[in-house]
Every structure is written in C-alpha cells, then in structure tokens.
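The next block holds one structure in the form of structure tokens; read it before the comments.
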Number of protein chains: 2
Amino acid sequence: MAAALDLFVERGYAATRLDDVAARAGVSKGTLYLYFSSKEELFKAVIRSGIVPLIERGERLFEEHKGTAAGLLREIVFSWWESVGNTKLGGIPKLMFSECRNFPEIGKFYYDEVISRGHRLMQSVLETGMKSGEFRSMDANYAMRLILAPMVFLLLWRHSFDFCDSKHIDADRYLEQHLDMIINGLMPRSREQNNSTQPAKVISMEKKGRIR
Amino acid sequence: MAAALDLFVERGYAATRLDDVAARAGVSKGTLYLYFSSKEELFKAVIRSGIVPLIERGERLFEEHKGTAAGLLREIVFSWWESVGNTKLGGIPKLMFSECRNFPEIGKFYYDEVISRGHRLMQSVLETGMKSGEFRSMDANYAMRLILAPMVFLLLWRHSFDFCDSKHIDADRYLEQHLDMIINGLMPRSREQNNSTQPAKVISMEKKGRIR
DNA sequence: TGTATATTACTGACCGCTCAGTCATTTACA
DNA sequence: TGTAAATGACTGAGCGGTCAGTAATATACA
C-alpha cells in the first residue's frame with residue numbers, strides 16, 4: 001500500500017501500472033490480487049488507511065482546546081500542515097480532486113469521511129469565535145470554505161504547478177500571512193487588539209523574518 | 001476542439017477516447033489525425049485556444065481602470081467568474097491541475113501563458129493599492145496567492161466534489177464574502193471606511209440578500 | 001524421527017480487451 | 001476527371017486481471 005500510495009501520488013490513478021506497484025513493493029503482480037480484488041480496491045484501501053486517522057486528530061484538538069478561537073485556528077492550521085502538507089499524505093487530496101469524478105464511489109467516501117468532517121470542524125471553530133464575540137458575525141459555512149481553500153490550494157499547488165514556479169512558496173510564510181489576513185478580516189472593531197490573540201505561537205514553526 | 005474540450009473536462013485526459021471525440025464532433029477518427037498529429041497535440045491545442053484570450057481581457061481591465069484598487073479587485077473577480085467560472089472553460093484549470101505532472105511541457109506552457117500572467121496582474125493590483133495607502137503594506141506575492149486561491153479553488157470544487165456536496169455553493173455569495181473578508185483584512189485602520197470602496201457594483205451580479 | 005500430506009505465500013506466463021494511431025479506399029467537388 | 005478531404009476497418013502495444021504451478025513451512029502419522 002505504501003508503494004501504491006507513492007505511485008498513485010506521483011502519476012495519478014490511470015497512469016499507474018500494477019506491474020510497477022508490485023515491483024516497488026518487491027512482490028509479483030499476482031500477489032497484489034491475493035490482497036486486493038482489483039486496482040480500484042487497492043486505490044480505495046490506500047485512501048482509506050492514509051487519511052481517515054488524520055481527521056480524528058483534528059477533532060480531538062477541538063474538543064480539548066481551552067483558549068481563544070484564533071489560537072485554536074492557528075493550532076489546527078499548523079498541525080495540519082505538519083502532519084499532511086509536509087508528508088507524502090499531502091498527495092492524496094490532489095489525487096482525490098483529480099479522480100473523484102471518475103470514481104464517484106470513492107469520491108463520496110472521501111467526502112463523507114474526510115471533507116465533510118473537516119468542514120464541520122472548521123465551522124465549529126468559527127461559530128465558537130462568533131458566539132464569544134471574538135469574530136464578527138458572518139455566514140460560517142462560507143467563511144469556513146474561504147479559510148480552508150487557501151490551505152488545500154497550497155497542497156494542490158505543491159503537487160502540480162510548483163515545479164514550474166521560479167519563486168517557491170514558503171509554506172510557513174504563506175500560512176502565517178493567510179492567518180494574518182483572515183484574522184484581521186474576522187476581527188471586529190479595531191485592529192490593534194489582534195496581537196493578543198496568538199497564544200498558540202509555541203506550536204507553530206514561526207519564522208523570525210515574519211512578514212508584517 | 002469544442003468536442004475535445006467537453007470530453008477532456010468531463011472525463012480527464014486519459015479516460016477520453018478519440019473515437020468519442022470524433023463521434024461528438026461528427027467526424028471520423030481518421031479526420032482528427034488530419035488536423036492534430038496526436039492526442040497530446042489535440043490536448044495542447046484545446047488548452048491554448050481556450051484560455052489564452054481570457055487572460056488578455058484581465059490585463060486590459062487593469063490598464064484601463066481608474067478608481068480604487070478595491071474596486072478593480074472586485075471587477076476582476078466578478079468578470080473572471082462570468083467568463084471562466086460559469087462557462088465550460090471553467091473545466092480547464094481542473095484539467096491542468098490534474099494532468100500537468102504527466103505533461104510537464106503543457107504544464108509549463110500553461111504556467112507561462114496563463115498562471116504567471118494572472119499572478120502578475122493580481123500582484124500589480126495589490127501593489128497599486130499598497131502604494132496609494134488604500135491597503136496596508138504586506139508581501140504582495142503571498143497576498144496575491146491568498147486572494148487567487150479561493151477563487152481557483154471554487155472552480156476546482158465545482159468540477160470535482162461539488163456533486164457530493166449537499167449544500168451547493170452559491171458562487172456569488174462565496175465571492176462576495178471572499179472580497180469582504182479579504183478587503184477587511186487588507187484595509188488599514190478602521191473598518192467603517194470600506195463601504196466607500198465599492199464603485200464597481202455595476203458590473204457585479206450582486207445579490208440583494210448579501211451576507212453582512 | 002522420517003515420510004507423506006496439507007497449507008500458505010507467492011510467482012510469472014498468459015489472456016483478452018482497449019484504444020492510439022495507420023492506411024487503403026471512398027467521397028466531394030471544382 | 002483529377003485531387004483534396006474524409007472514412008472506418010485494421011493493427012499492435014499496453015495493461016488489468018487470471019491461474020496453473022512452485023517452494024517453503026506446517027501438520028499427520030507410523
């Protein structure tokens with residue numbers, strides 16, 4: 001399954017040959033069929049085992065958190081990047097976006113088990129912040145999508161056009177600035193108070209030369 | 001080429017059969033080879049002819065604009081959605097993200113002719129606003145990416161997981177809220193002044209029931 | 001303990017289908 | 001009638017999937 005993940009991420013579903021998966025795994029193609037009844041089943045297994053555990057971690061972060069909503073937001077963003085963005089698991093979302101129309105069943109599975117739970121999590125964080133008055137009130141469903149979009153987009157970019165890009169994106173700076181722009185867009189009233197809402201600095205891998 | 005665009009967008013590159021393209025175009029497969037020397041050449045031609053004209057329109061908007069940077073931003077966002085998001089051309093970015101690793105040559109072409117020009121355009125808008133003091137000063141390269149990401153992401157979503165999503169996204173509300181969050185994140189000092197920076201309302205298809 | 005039998009894990013040659021690409025033939029038309 | 005355009009049957013490589021066979025290990029039994 002590790003071999004399959006590598007190759008699926010690298011070449012996409014259709015372009016991955018089972019002979020190659022078998023070769024990389026150090027077994028014969030026949031052996032694959034002792035464990036997975038078809039290429040599609042192998043694909044599903046890879047997706048399932050790789051992603052589902054991660055979403056659960058995020059849900060735990062939310063339940064256990066005590067502090068500002070902005071701090072929690074920050075914590076989720078950076079721990080997500082650490083465990084997904086920076087690992088080979090980061091290729092899965094790209095894979096899913098590319099293939100979900102051709103495999104609606106897997107698409108639905110991924111949506112139900114990963115995406116919708118991620119959405120619910122982020123929306124809860126925002127609603128918490130709105131209720132407490134830390135964020136101004138807005139449609140949490142759309143706000144949630146607007147916060148997640150640049151995060152996932154960074155992942156997709158990394159696995160697609162990044163190789164063309166002369167200016168490689170520094171993920172930490174990108175996420176840092178995203179938070180900065182989003183928080184200032186979310187905060188009510190004056191802007192100055194926002195510096196007090198970053199108690200989570202400890203867990204982030206914040207750069208010294210942070211952009212103002 | 002219209003037939004090919006339809007099918008590429010609908011099924012992806014690998015899953016599109018030239019027999020089907022020919023059938024939809026109302027010609028025989030042999031005829032395709034009188035005009036395109038290979039499937040890959042057909043793909044390139046589709047991408048080239050579909051997208052390049054659009055970017056030029058955006059560049060013209062920038063050059064001709066007189067008004068606030070926020071107004072220009074708004075105008076670009078909505079006219080982009082009108083001419084790309086709402087048409088079948090909207091499938092091309094999804095296609096490019098999915099396939100650019102398998103066709104680095106096309107990926108490079110797309111990056112050079114479309115993405116980098118789009119980046120430059122948006123970055124210019126932001127820098128204009130920063131110079132005039134309308135926006136607070138920040139790294140324009142990252143800000144540009146953070147503004148474009150949710151826009152492109154909406155397109156990708158529409159062509160991938162949207163079919164799973166029970167709550168269909170209203171593109172206008174989404175973009176409206178994006179602008180609202182971004183502008184308020186970009187504006188210096190007090191939040192109240194931002195309502196004066198929407199002279200571009202005319203061209204947008206703004207909904208009455210806008211989210212506050 | 002030595003031999004026979006069963007089980008498990010794996011192999012790789014093979015099959016059949018799909019589909020990009022070809023080309024001898026037909027059609028359109030000036 | 002000559003030539004350019006179009007056709008569609010055909011080819012062959014590639015690849016998902018199969019299965020008879022092998023080797024190693026475990027079990028049965030005398």
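Protein chains get the first letters and strands the later ones, always in sequence-line order, with residue 1 at the start of each. FYI, side chains are in, hydrogens and waters are out, and symmetry mates aren't considered; it's all heavy atoms of this structure. Every value quoted in this text rests on a predicted model; they were computed, and no experiment measured them.
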Between [atom2] on [N] and [atom1] on [X], what's the gap in Å once rounded to a whole number?
X	N	atom1	atom2	result
Leu42(B)	dG21(C)	CG	P	10 Å
Lys29(A)	dC15(C)	NZ	C1'	11 Å
Tyr13(A)	dC15(D)	OH	C1'	12 Å
Leu34(A)	dT18(D)	CG	P	11 Å
Tyr33(B)	dT25(C)	OH	C1'	20 Å
Asp20(B)	dT18(C)	CG	C1'	12 Å
Leu32(A)	dC10(C)	CG	P	11 Å
Tyr35(A)	dG17(D)	OH	P	18 Å

> Would you call the rings of His119(A) and Trp157(B) parallel, tilted or perpendicular, where under 30° means parallel and over 60° means perpendicular?
Replying inline: tilted
>> Please tell me whether Phe97(B) and Tyr110(B) form a close aromatic pair, meaning their ring centres lie under 6.0 Å apart.
In response: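 Centroid separation for Phe97(B) and Tyr110(B): 6.0 Å or greater.
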> With a 6.0 Å cut-off on ring centres, are Phe36(A) and Phe43(A) close enough?
Replying inline: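 Not under 6.0 Å, so no.
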For the side chain of [X], starting at C-beta, report the closest nucleotide among [options].
X	options	result
Lys39(A)	dG16(D), dT7(D), dC19(C)	dG16(D)
Asp19(B)	dT7(D), dG16(D), dC19(C)	dC19(C)
Thr31(B)	dC10(C), dG21(C), dA6(D)	dA6(D)
Ser38(A)	dG17(D), dG21(C), dC10(C)	dG17(D)

Using a cut-off of 4.0 Å on non-hydrogen atoms, how would the nucleic acid contact of [X] be classed: base, sugar-phosphate, or nothing?
X	answer
Ser37(A)	nothing
Leu18(A)	sugar-phosphate
Phe36(A)	nothing

>> A cation-pi test, strictly: NZ or CZ of Arg145(A) under 6.0 Å from the centre of the six-membered ring of Tyr174(B) and no more than 45 degrees from its axis. Yes or no?
In response: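 Judged by the rule, Arg145(A) and Tyr174(B) form no cation-pi pair.
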>> Tell me the closest heavy-atom pair linking Leu154(A) and Ala171(A), and the distance in Å.
In response: CD2-CB, 4.0 Å
